[in-house]
Each structure stands twice: as structure tokens, then as C-alpha cells.
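Protein chains get the first letters and strands the later ones, always in sequence-line order, with residue 1 at the start of each.
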There are 2 protein chains.
Amino acid sequence: MKLQNITTSKNGSSRRLYDDACGTAHALDLIGERWALLIIRELMLGPKRFGDLRADLPRISANVLTQRLDGLEAQGILMRRRLPPPGSTQVYELTEWGYEAEPIIQTLGRWATRSPAHDPTLPLSATSLMMSFRTMRDPAQLGGIDAAIGFRVGKEEFRMRIADGRVTVARGDPEGADLILSGPAVAIAAAVYGGVPIEMLEADGALGVEGDRALLARFVTLFPLPEKAAPPA
Amino acid sequence: MKLQNITTSKNGSSRRLYDDACGTAHALDLIGERWALLIIRELMLGPKRFGDLRADLPRISANVLTQRLDGLEAQGILMRRRLPPPGSTQVYELTEWGYEAEPIIQTLGRWATRSPAHDPTLPLSATSLMMSFRTMRDPAQLGGIDAAIGFRVGKEEFRMRIADGRVTVARGDPEGADLILSGPAVAIAAAVYGGVPIEMLEADGALGVEGDRALLARFVTLFPLPEKAAPPA
DNA sequence: CGGCATCCGGGAAGATACTG
DNA sequence: CAGTATCTTCCCGGATGCCG
């Protein structure tokens, strides 16, 4: 290790800061570097290991991930935690303040889906699909629904609860839910956001459905995308 | 101009994109580059010229500002507009969709002021001070207030209206407001966010006050900063 | 395999000087 | 005043390798 690296890593403030009292500028100092906010997004539904993050952010390189995790930890946004042995692997978990960044993710997401350039058919991580449901829920449509919906997306399992006009999502066993959807995140996104008919996705083997199909028909209407903004002239 | 520049500017997608369907990731593709969101912030209260932006973002370099303005225009977030002659100078103005980014600025700002590292004594542009009032207003304290407050910050003038529990701010003539504050943005920020006594700022010649001093005493309590998050252990 | 450190190439950001 | 040209610095991304 070179001396330069010692000074620059010890004094993390050698990073380019905006030097601006505005809270927005400070937010960018904290989480404005490339990948930082997407790492936070991936941790939003609970702790993950280094390798999980690499898998869910396929285009990040290991050294950048290391740098970001260091920086976010130093700023108190996430913590390293060592799981009890055996298998005492390390996980990264948001702090309480880190979890409070969820509105940032939602506000950005809601605004950007109005972009004419937004392409909802791109790949998608399981976490961002689940987060998108919390972001895009239509309160007017949720009234009167009380249901549990399970998801199996790759190796990850989630349980959503819709009740009292609210949507909560957490990692958890889908078993026993009123409706269970299985398949890659893009397939579920195609059904909910792309308007692709369920039957077509099932026929392709892309989507598995168990349980209340009437609920499913309603489910795919609960998360409307906002209208596109006018494209640039 | 070189051929390379033509291809890279025509095909703006040579930029590093996240390639992720998640709206949050797309937002970062749109406004995640350095300085982009601060440029949007500076335009939030109306159009500005190139030189205004340089003055209000003192540490941005001219070529980066040019690149960002080009990119934001290509994405439909802002427009170039030529003012009617004489003095037919060019200004940059947010599109309707661009103005809708205000919640992003507010959400980031609110979250980041909880950072242990946030330093509210740093320099501040007039626009970000005005935006901060919209962000930080305490609805519980605004009830029953109906007032017009004017600001003279450097060469810029603003008029704030507090009524019906809402705060609106626009560029405009402070004359005739119930209260008029004059001085650099840092001085006004010191009074509102730093708890520095008005008398001290006036004695220093940093702050000028005209009009209703009782309203001023109340005004400085209307924008409480959120509690700090626990500092990293 | 998870968690890094290191080296390298390309490109974005910063600073300064220059032009219409 | 509104940008452009150029140069330097530094960040990002990819590959490789070390170590528990």
C-alpha cells in the first residue's frame, strides 16, 4: 500500500465535495457517487452479503463495490455485521438513517418513469421490483383489498401485504399467501407494467401462478405507471 | 470539432448507463452525473443565463456546465430559449417535467440534513436558500400565518408568501412585503438554521431588516432542521 | 468463495487559456 | 458574456492475484 492511499483513505474527504451548505448538495456528497444509491436500494429489504450485491448489480466491479461499501459505512449509512458462527459470513445492513433513504429512491423512481427514454423491459433485480410496487401503488385502487401475495424470484422469496390502503413488502416465505407468483423479475414486471397478458407469460413458462387468479387480475392493475412527459422537441 | 465529438454528442448513449429497468436507476442515468441535479436546483425558480449558473455554482467549470446543459436539454429536462431582442441573450429554462424534479431535491435535502457530516455554515446560493424554505417548512407552525416576506440576496430578489399553511416562493420585487430581509444567503441561513441572533447579524452589518420585527422573530422558527442521525460508531 | 488490494486503460471532471 | 480547446488529474471499470 502506498502512502498516498493511506492519506486518501483515512481522510476520505479528499473526495470531490460540492462544498455547499444546501442539503441537496450534501446528499450528493453522501450518495451521489456512481452505484451508491443502487447499493442502498439493494439493501432496502434487508442485509446482504458482498456476493449478493455483486449478483444483483451485475455491472458493478468488485473494487468499486468495496469502495462504496467503505464510504457508506464511514458516513453511517450502512454497517458491516458478522453473522454468528457457523458460517460467520459478513453482511451489509443499512442503519436506521440509511433505511430512511427509501423516499429518495421512490421520488427518483416516480419522476424517472415519466422519462420518454425509460425502458421498462431492461433487466431488473428482485429487490427493485419489490420496491417498485411500494413506489407505484395507486392508493385509489387499493381501497378494500386485504390480501397476502407471495413472490418467488430466483432464489429470493418475498411476502407482500395489501391492507388498509397500504402495501408492505418484506423478505419472507410465500407459503400460505392468497396468491403466489414465481418467475424472473422481468416476467412479473411485464405482467404488471408492460401489460403483457398473464396467459402468454404462463404459456411461455416465464411465470408461475398459484392461488387466487381473480386477485391476480386485480393485482396487475394496482401499479399504474405515470404518463410520459413530452419528448424533447 | 473532431469527428469523435460528433459521434459522442450525437449518440449521447455512449455515456455509462446502468442498463436497469428500475426507475431509480433510470433517474440516475438522467440526472446522476456530477453537477446535473444542482443545475436543476438553480433553475428551479426560473430561467437563468450561462453566466448566472457559473456564478451560482462557483466550482463548476465551463466545459462541464456546457456538457450538462447539452445532456439535460437532449433528455427534455430543460430548454434553451432566446430572449426577445434587444439583449437577445440565451437562457436555460426547465421544462414542465424538469420542474417536477422539485420533490427529488426536497427529499434529498431533508434526508441529508440528518447527516452528522452536514455543515450548514458552508456557502449557499440564493436559490438553494429559497428552496430550503420550501423543503424545511414546519406545517404545524405555519397555521394562522398570512404574510408576505421579501428577500434581497445579492442582486437577486424574491418574494415569499406564507398562507393557508403553505409556503410559496418566486423571484419578484420585495417592495411592499410585511418583512424584507437583505444580505448574503449565509447570513439569512445563519439566522434561520444556525440560531444566530438577529441583533448580532445586524450589528455585523450582515443582515438588513425592514418591516415587521415580530414577524421576523416568528419567521426564524418556521424551518426547523431535523434531528441528526446517530454518528457512525 | 468472500473480501479485498493492485495494476492498467479509458474517460469524465477540473483548471486554465483562448475565441467570437 | 458565452462558450471552446487543451492539458492534467482522478474516477471508473476490468482483470488479476492474494489471503483467510
Side-chain angles (χ1 to χ4, degrees), chain A residues 1-19 28-29 32-39 47-74 78-83 85-92, chain B residues 1-9 11-19 28-29 31-39 47-73 80-83 85-92 155:
Chain A
M1 181 187 289
K2 296 178 204 162
L3 262 174
Q4 299 176 341
N5 291 351
I6 295 176
T7 50
T8 52
S9 64
K10 177 170 192 173
N11 176 11
S13 71
S14 85
R15 272 170 34 253
R16 286 182 288 206
L17 301 182
Y18 285 111
D19 200 29
L28 296 174
D29 284 336
E33 289 169 306
R34 196 163 161 74
W35 293 108
L37 191 59
L38 298 188
I39 293 169
K48 283 187 179 179
R49 290 172 302 176
F50 190 91
D52 297 331
L53 290 168
R54 282 197 78 176
D56 295 328
L57 299 170
R59 320 212 330 169
I60 196 173
S61 61
N63 53 6
V64 171
L65 179 53
T66 300
Q67 287 174 228
R68 290 299 166 276
L69 291 171
D70 286 348
L72 294 172
E73 183 186 23
L78 59 77
M79 301 174 310
R80 255 160 246 258
R81 200 153 53 85
R82 191 158 285 287
L83 294 183
S88 60
T89 65
Q90 195 173 216
V91 293
Y92 297 88
Chain B
M1 182 186 288
K2 296 179 204 162
L3 262 174
Q4 299 176 343
N5 292 351
I6 295 175
T7 50
T8 51
S9 63
N11 176 9
S13 73
S14 85
R15 274 170 31 253
R16 287 180 291 206
L17 300 182
Y18 285 112
D19 199 30
L28 296 174
D29 284 338
I31 57 173
E33 289 169 305
R34 194 159 163 76
W35 292 109
L37 192 59
L38 298 188
I39 292 169
K48 284 187 180 180
R49 290 171 302 177
F50 191 92
D52 298 331
L53 290 167
R54 280 195 80 175
D56 295 330
L57 299 169
R59 319 211 333 168
I60 197 173
S61 61
N63 51 8
V64 172
L65 179 54
T66 300
Q67 287 174 228
R68 290 299 166 275
L69 291 171
D70 287 349
L72 293 171
E73 183 186 23
R80 254 163 248 259
R81 200 152 55 85
R82 190 159 286 286
L83 293 183
S88 60
T89 64
Q90 194 174 219
V91 294
Y92 297 90
K155 294 178 184 172

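At whole-Å resolution of the value, CZ in A/Arg49 and C1' in D/dG20 are 16 Å apart. Regarding A/Gln67, its CD atom lies at a distance of 15 Å from the P atom of C/dC7, rounded to whole Å. Taking atom CG of A/Leu65 as the reference point, atom P of C/dG2 lies 12 Å away to the nearest angstrom. One interatomic measurement links the two molecules: CG of B/Leu69 to P of D/dC1, which rounds to 17 Å at whole-angstrom precision. Separating the CD1 atom of A/Ile60 from the P atom of D/dA15 is a distance of 15 Å, rounded to the nearest angstrom. Rounded to a whole Å, the CD atom of B/Glu33 is 13 Å from the P atom of D/dC12. Rounded to a whole Å, the CG atom of B/Asp70 is 15 Å from the P atom of D/dA2. The interatomic distance linking B/Leu38 (CG) with C/dA13 (P) rounds to 13 Å, in whole Å.
Residues A/Gln67 and A/Glu33 form no side-chain contact, since every pair of their non-hydrogen atoms from C-beta on lies 4.5 Å or further apart. Counting heavy atoms from C-beta outward, A/Leu37 and A/Arg68 have side chains that stay 4.5 Å or more apart. By the 4.5 Å heavy-atom criterion applied to side chains, B/Arg59 and A/Asp19 are counted as neighbours. Residues A/Ile60 and A/Leu38 form no side-chain contact, since every pair of their non-hydrogen atoms from C-beta on lies 4.5 Å or further apart.
For D/dG3, one of the phosphate oxygens OP1 or OP2 lies less than 4.0 angstrom from a side-chain nitrogen or oxygen of B/Tyr92. Regarding contacts with the backbone of C/dC4, every side-chain N or O of A/Arg68 stays at 4.0 angstrom or more from both OP1 and OP2. The phosphate of D/dG13 (OP1 or OP2) has a side-chain N or O of A/Trp35 nearer than 4.0 angstrom.
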Please step through side-chain hydrogen bond (donor to acceptor under 3.5 Å, both in side chains) for the pair A/Arg49 and A/Tyr92, ending with a clear verdict.
CA-CA 6 Å; A/Arg49 290 172 302 176; A/Tyr92 297 88; over 6 Å; no

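In the set D/dA2, C/dA13, D/dC12, the nucleotide with an atom closest to the side chain of B/Arg16 is D/dC12. Closest contact between the side chain of A/Arg34 and the listed nucleotides D/dC11, C/dA15, D/dG13 involves D/dG13. Closest approach to the B/Phe50 side chain among D/dG3, C/dC4, C/dA13 is made by D/dG3 (side chain taken as heavy atoms from C-beta onward). Side-chain proximity of A/Ser61 to D/dG13, C/dC4, D/dG3: nearest is D/dG13. Comparing C/dC4, D/dT4, C/dA13 against the side chain of A/Gln90 picks out C/dC4 as the nearest.
Among the heavy atoms of the strands lying under 4.0 Å from A/Arg59 are primed sugar atoms or P, OP1, OP2 only; no base atom is included.
Evaluation of atom-type donor-acceptor distances gives a pair under 3.5 Å for the side chain of B/Asn63 against the base of D/dT6.
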